[in-house]
Amino acid sequence: MADFSKFSSNLPARTSEAPIPFARPGNLAAIIGRIEEAVEEETAGLKNDTSYDLKASNARKSRYLYELTRAMKGANELEFLEEHRDSLARLRQKLAKNEAAILAHLNAVNEVATLLKNAIQRAEADGTYSAGEFGWAS
């Protein structure tokens, strides 16, 4: 085998007892902050911008959730909850507002779809072949 000592002489020695470091609390706070910003942006976009890109927003939120999940690996969940209680409470409030905006958006989309469906049915139904014309309608 080749001798790699000239390449690894400046590297720290490996120890098998070294714990895998978990993300620093500052990183977790930054991730939570990014999630808050993304949720606030989405809420405002759903309320004010008819061309808001919901797909891109969902992708961004998924990426941040993935980052948070990775940062939490090996972390003490109770410590995390205690340390970030205030920011998690803020995030929960923002998520509740976001949920209300998403539900309002979905209800509006459903109403528009129903209006379009009814308009198409009225336009196609000239009475020529409807069941009511033949006395079969109940």
Side-chain angles (χ1 to χ4, degrees):
M1 272 191 103
D3 180 25
F4 293 105
S5 61
K6 67 180 179 180
F7 300 112
S8 61
S9 61
N10 294 332
L11 297 176
R14 292 186 192 174
T15 60
S16 59
E17 300 87 36
I20 298 172
F22 110 91
R24 292 185 302 276
N27 290 346
L28 291 172
I31 293 169
I32 292 169
R34 286 196 299 270
I35 294 170
E36 283 185 71
E37 287 175 15
V39 168
E40 283 177 334
E41 180 185 316
E42 182 180 87
T43 303
L46 287 172
K47 288 181 177 180
N48 303 321
D49 185 4
T50 57
S51 63
Y52 183 74
D53 190 355
L54 195 55
K55 187 175 182 178
S57 178
N58 284 335
R60 187 172 37 257
K61 288 188 304 181
S62 292
R63 186 173 55 248
Y64 293 156
L65 183 58
Y66 175 74
E67 285 180 26
L68 182 63
T69 302
R70 286 193 42 111
M72 287 295 299
K73 283 202 184 220
N76 182 343
E77 193 172 318
L78 292 175
E79 270 182 40
F80 169 76
L81 292 173
E82 275 300 314
E83 196 166 322
H84 299 284
R85 181 179 304 280
D86 294 337
S87 57
L88 291 173
R90 263 193 332 269
L91 178 58
R92 182 168 294 172
Q93 290 172 346
K94 290 175 184 181
L95 286 170
K97 289 178 184 177
N98 183 255
E99 179 184 22
I102 289 171
L103 288 174
H105 180 74
L106 289 174
N107 286 335
V109 168
N110 189 32
E111 284 184 38
V112 169
T114 301
L115 288 171
L116 288 173
K117 180 186 83 168
N118 291 340
I120 290 169
Q121 286 174 344
R122 279 192 309 274
E124 289 180 347
D126 61 359
T128 308
Y129 299 107
S130 68
E133 293 294 315
F134 297 103
W136 296 335
S138 5

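Values below: all heavy atoms of this structure, side chains included; hydrogens, waters and symmetry mates excluded.
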Shared hydrophobic cluster for Leu68 and Leu95 (ILVMFWY, side-chain gaps under 4.5 Å)
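Both belong to a single hydrophobic cluster.
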Going through the checks in order, is the salt bridge (charged side-chain N to carboxylate O under 4.0 Å, His left out) test met by Arg34 and Glu67?
CA-CA 10 Å; Arg34 286 196 299 270; Glu67 285 180 26; 2.4 Å; yes
Which distance, rounded to the nearest 0.5 Å, do you find between the [atom1] of [X] and the [atom2] of [Y]?
X: Leu54; Y: His105; atom1: CG; atom2: NE2; answer: 5.5 Å
X: Leu91; Y: Glu37; atom1: CG; atom2: CD; answer: 11.5 Å
X: Glu42; Y: Lys47; atom1: CD; atom2: NZ; answer: 11.5 Å
X: Glu82; Y: Glu77; atom1: CD; atom2: CD; answer: 12.0 Å
X: Leu88; Y: Leu81; atom1: CG; atom2: CG; answer: 6.5 Å
X: Asn58; Y: Ile102; atom1: CG; atom2: CD1; answer: 7.0 Å

Which heavy atom in Ile31 sits nearest to a heavy atom in Tyr64, and how many Å separate them?
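Result for this residue pair: CG2-O, 3.8 Å.
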Residues, nucleotides or ligands: over 12 heavy atoms within 6.0 Å of Glu99 CD:
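It does not: Glu99 CD has 12 such atoms or fewer within range.
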Donor-acceptor pair, distance only, cut-off 3.5 Å: does the side chain of [X] make one with the backbone of [Y]?
X: Thr69; Y: Leu65; value: yes
X: Asn98; Y: Lys94; value: no
X: Asn110; Y: Leu106; value: no

Start with the C-alpha gap between Met72 and Leu28, add the side-chain angles, then the distance that decides, and say whether side-chain contact (heavy atoms from CB on, under 4.5 Å) holds.
CA-CA 8 Å; Met72 287 295 299; Leu28 291 172; 4.0 Å; yes
Using a strict threshold of under 4.0 Å (side-chain N to carboxylate O), is an ion pair present between Arg60 and Glu41?
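Looking at Glu41 and Arg60, the cut-off is met.
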Using the rule given for side-chain contact (heavy atoms from CB on, under 4.5 Å), can you reason through Val39 versus Lys61, listing the C-alpha separation, both sets of side-chain angles and the distance that settles it, and then say yes or no?
CA-CA 8 Å; Val39 168; Lys61 288 188 304 181; 4.2 Å; yes
